[in-house]
Visitor: 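Encoded as structure tokens, here's the structure I'll be asking about.
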2 protein chains.
Amino acid sequence: MDNIDFRLKEKSYRCYFELTLDLIGGKWKPIILYYLGFHGTLRYAELRRCLSKITERMLTKQLRELEMDKMVNRKIYPQIPPKVEYSLTEKGKSLIPLLNQLKDWGEGYFNDNIELFDHKTLELEE
Amino acid sequence: MDNIDFRLKEKSYRCYFELTLDLIGGKWKPIILYYLGFHGTLRYAELRRCLSKITERMLTKQLRELEMDKMVNRKIYPQIPPKVEYSLTEKGKSLIPLLNQLKDWGEGYFNDNIELFDHKTLELEE
DNA sequence: CGGAATCCGTAATGATACTG
DNA sequence: CAGTATCATTACGGATTCCG
């Protein structure tokens with residue numbers, strides 16, 4: 001049982017960048033936000049397929065935190081079998097341009113150092 | 001003894017964003033890069049003070065990886081007591097505008113939700 | 001289908017010495 | 001000062017079971 005209260009209350013940061021990292025940093029949150037931004041709306045199992053290496057436990061945990069922080073919406077369809085859709089909130093969407101810039105930066109890094117990478121480094125699907 | 005070879009060789013990513021995360025993601029690299037960008041050049045102990053909660057082991061490990069990935073320069077002064085200065089490479093510097101945008105985003109999040117934060121959340125030093 | 005709960009093993013990280 | 005080495009702790013992954 002995590003705190004229902006605001007997650008970040010009583011935390012302390014030395015600069016706004018540290019706050020940003022607490023909100024959207026870590027191993028999984030950036031890529032979850034990126035794929036949600038890229039696809040718009042995804043069901044739980046679709047999201048899981050996007051992040052092929054994540055475990056269900058971690059995906060659920062990260063989604064709950066992102067939900068608490070008002071970064072993602074969780075829409076439950078009360079039916080059997082259940083259906084749950086995840087999407088970005090407005091706050092979450094405001095992050096998309098920055099995430100895309102980071103993706104472009106990675107592409108630039110790749111092109112600038114292409115001789116160092118294996119030719120199978122990228123299996124792009126976009 | 002880590003591999004002297006290129007760290008990212010033989011890895012595989014589904015999109016450039018995943019490559020970006022492998023280069024500069026994780027718990028410590030973003031904030032290390034941010035503070036190096038903010039201050040320009042920092043000695044090992046100065047950097048450690050910036051990231052008050054990092055252990056020496058983690059700081060060293062992250063710096064070595066960033067160095068391998070050509071994100072950070074490590075300049076050793078052969079003297080006693082030793083002196084080592086860290087700074088961003090050109091590739092690293094190209095990231096600064098994006099990191100600053102992320103900082104601004106965090107500031108926006110804070111201002112939009114200021115009633116949810118404790119008044120002691122930020123102890124800004126900038 | 002979308003989880004939650006559990007048990008267990010391993011990998012990542014932390015705390016605390018200690019050193020050239 | 002700038003790290004290493006060692007050991008302890010925690011986080012995380014994997015598999016399984018269960019449920020509305």
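In what follows, every chain begins at residue 1, and chains take the letters A, B, ... in the order their sequences are listed. Treat the numbers as computed from the prediction; the structure is a model and nothing was measured.
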Visitor: To the nearest Å, give me how far apart CD (Glu65(B)) and P (dG3(D)) are.
Guide: 15 Å
Visitor: Look at Tyr86(B) and dC1(D) and indicate whether a side-chain polar atom (N or O) is within less than 4.0 Å of OP1 or OP2.
Guide: no
Visitor: Taking side chain to side chain donor-acceptor pair (under 3.5 Å) as the test, write out the residues that go with Gln62(B), two or more places apart.
Guide: none
Visitor: Any side-chain heavy-atom pair from Arg14(A) and Ser52(B) closer than 4.5 angstrom?
Guide: yes
Visitor: If you compare every side-chain N and O of Thr60(A) against the phosphate oxygens of dA4(C) (OP1, OP2), does one of them come in below 4.0 Å?
Guide: yes
Visitor: Could you tell me whether the side chain of Met58(A) reaches within less than 4.5 Å of the side chain of Lys27(A), counting heavy atoms only?
Guide: no
Visitor: Taking atom P of dC1(D) as reference, at what distance in whole Å does atom CG of Leu47(B) sit?
Guide: 15 Å
Visitor: Output yes when at least one side-chain N/O atom of Tyr77(A) is less than 4.0 Å from OP1 or OP2 of dG20(D), else no.
Guide: no
Visitor: Does a side-chain heavy-atom distance below 4.5 Å link Cys50(A) with Phe38(A)?
Guide: no
Visitor: Whole angstroms only, please: what is the CD-P distance between Gln79(B) and dC1(D)?
Guide: 12 Å
Visitor: Atom CD1 of Ile80(B) and atom P of dG3(D): how far apart are they, to the nearest Å?
Guide: 14 Å
Visitor: Excluding sequence neighbours, so at least two apart, what forms side chain to side chain contact (heavy atoms under 4.5 Å, CB included) with Leu59(B)?
Guide: Ile32(B), Tyr44(B), Leu47(B), Arg48(B), Leu51(B), Ile54(B), Leu63(B)
Visitor: Suppose the criterion is side chain to side chain donor-acceptor pair (under 3.5 Å): which pairs have a residue in residues 104-114 of chain B, not counting sequence neighbours?
Guide: Lys91(A)-Asp112(B), Ser94(A)-Trp105(B)
Visitor: Expressed in angstrom and rounded to an integer, what is the separation of Ile76(A) atom CD1 from dA4(C) atom C1'?
Guide: 14 Å
Visitor: Measuring only between side-chain heavy atoms, which start at C-beta, is Leu102(A) closer than 4.5 Å to Leu98(B)?
Guide: yes
Visitor: Whole angstrom is fine here: how far is it from CZ in Arg64(A) over to P in dG2(C)?
Guide: 12 Å
Visitor: When you check the phosphate oxygens OP1 and OP2 of dC1(D), does a side-chain N or O of Arg48(B) lie under 4.0 Å from one of them?
Guide: no
Visitor: For the pair made of CZ in Arg43(B) and P in dG3(D), what is the distance, rounded to whole Å?
Guide: 10 Å
Visitor: Classify every nucleotide of nucleotides 13-20 of chain C by which part a protein heavy atom approaches to under 4.0 Å, writing B for the base, S for the sugar-phosphate alone and - for neither, in 5'-to-3' order.
Guide: BBB-B--B
Visitor: Check this for me: does any side-chain nitrogen of one of Glu46(B) and Arg49(B) sit under 4.0 Å from a carboxylate oxygen of the other?
Guide: no
Visitor: Five pairs per end, C1' atoms only: what is the angle between the end axes of the helix from dC1(C)-dG20(D) to dG20(C)-dC1(D), to 10 degrees?
Guide: 50°
Visitor: Output side-chain donor-acceptor pairs under 3.5 Å for residues 71-81 of chain B, partner residues at least two apart or in another chain, one line each.
Guide:
{"unit_1": "Arg74(B)", "atom_1": "NE", "unit_2": "Tyr86(B)", "atom_2": "OH", "d": "3.1"}
{"unit_1": "Tyr77(B)", "atom_1": "OH", "unit_2": "Glu85(B)", "atom_2": "OE1", "d": "2.9"}

